[in-house]
Amino acid sequence: MHQFEKLIFWQKSIQLAKNIYLACTEIPHEEKFGLISQIKRAAISIPSNIAEGAGRNSNTEFNHFLGIANGSSFELQTQLILIKELELLNEEKVNVLLSELNEIQKMIYSFKINLKI
């Protein structure tokens with residue numbers, strides 16, 4: 001078992017989820033049950049799956065949950081790109097979120113490669 005709270009990419013994904021929740025307050029209310037709901041679920045799925053995988057019994061299981069977290073990160077990336085295309089949030093704000101997300105994606109990928117299965 002791994003101590004997920006010490007994993008930098010878990011810490012960064014918690015911060016990203018927080019930033020996503022704050023940014024969603026600026027998206028028009030009529031998107032509450034559309035994009036806002038989807039983007040929040042994808043954002044919280046990243047650290048949640050990292051934590052769940054860290055609590056599993058083997059590195060193979062951890063690797064599986066890191067893959068799910070990574071999938072959620074690409075789902076979130078797609079949603080952020082759509083939000084930018086629809087001009088629902090300031091482009092600069094979305095770019096900052098995308099940059100944070102990209103860093104997390106790279107960290108998860110690197111960790112997966114180095115995880116002994």
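Quick note: residue numbers are just sequence positions, from 1.
Between the side chain of Glu61 and the backbone N or O of Asn57 there is at least one donor-acceptor pair closer than 3.5 Å.
To the nearest 0.5 Å, atoms CD1 (Ile8) and CD (Gln11) are separated by 4.5 Å. Atoms CZ and CD1, on Phe111 and Ile50 in that order, are 9.5 Å from each other to the nearest 0.5 Å. Rounded to the nearest 0.5 angstrom, Ile113 CD1 and Leu115 CG are separated by 11.0 Å. Tyr109 contributes atom OH, which lies 10.0 Å from atom CG of Asn114 (distance to the nearest 0.5 angstrom). In this structure, CG in Asn90 is found 12.5 Å from CD1 in Ile83, a value given to the nearest 0.5 Å. Atoms CG and CD1, on Leu76 and Ile81 in that order, are 10.0 Å from each other to the nearest 0.5 Å.
By the 6.0 Å contact criterion, CD on Glu87 is open, its count of non-hydrogen atoms from other residues, nucleotides or ligands being 12 or less. Annotation: Glu92, atom CD; neighbour count of heavy atoms from other residues, nucleotides and ligands within 6.0 Å does not exceed 12.
Contact annotation: the side chain of Leu82 never approaches that of Leu88 to less than 4.5 Å [non-hydrogen atoms, C-beta and beyond].
Minimum heavy-atom separation, Cys24 to Ile39: SG-CG2, 3.3 Å. Residues Ala51 and Trp10 share a closest heavy-atom pair of CB-NE1, 4.0 Å. Among all heavy-atom pairs drawn from Ser45 and Ser72, the shortest one is OG-OG, 2.8 Å. Between Leu89 and Ala23, the closest heavy-atom pair is CD2-O, 3.6 Å. Ser13 and Ile46 make their closest contact through CB-CG2, 3.7 Å (heavy atoms, listed as atom of the first residue, atom of the second, distance).
Side-chain heavy atoms closer than 4.5 Å link hydrophobic residues (I, L, V, M, F, W, Y) into clusters, and following such links, even through other members, never connects Phe74 to Ile104. Residue Ile44 is not grouped with residue Phe4 when hydrophobic side chains (ILVMFWY) are merged at heavy-atom distances under 4.5 angstrom, including chains of intermediate members.
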Check: Could you go step by step and tell me if Gln15 and Lys18 meet the side-chain hydrogen bond (donor to acceptor under 3.5 Å, both in side chains) rule?
Finding: CA-CA 5 Å; Gln15 184 60 50; Lys18 180 180 170 183; 4.7 Å; no

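Counted by atom type alone, Ser37 and Arg41 present one or more donor-acceptor pairs between their side chains at under 3.5 Å.
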Atom pairs and distances, side-chain donor-acceptor, residues 94-103, under 3.5 Å, sequence neighbours left out:
{"unit_1": "Asn95", "atom_1": "OD1", "unit_2": "Lys84", "atom_2": "NZ", "d": "2.7"}
{"unit_1": "Asn95", "atom_1": "ND2", "unit_2": "Glu91", "atom_2": "O", "d": "3.4"}
{"unit_1": "Glu100", "atom_1": "OE1", "unit_2": "Asn19", "atom_2": "ND2", "d": "3.0"}
{"unit_1": "Glu100", "atom_1": "OE2", "unit_2": "Asn19", "atom_2": "ND2", "d": "3.2"}
{"unit_1": "Asn102", "atom_1": "OD1", "unit_2": "Lys106", "atom_2": "NZ", "d": "3.3"}
{"unit_1": "Glu103", "atom_1": "OE2", "unit_2": "Lys12", "atom_2": "NZ", "d": "3.4"}

Kindly list each side-chain donor-acceptor pair under 3.5 angstrom involving residues 62-71, sequence neighbours excluded, with atom names and distances?
{"unit_1": "Asn63", "atom_1": "OD1", "unit_2": "Lys112", "atom_2": "NZ", "d": "2.8"}
{"unit_1": "Asn70", "atom_1": "OD1", "unit_2": "Ser73", "atom_2": "OG", "d": "3.4"}

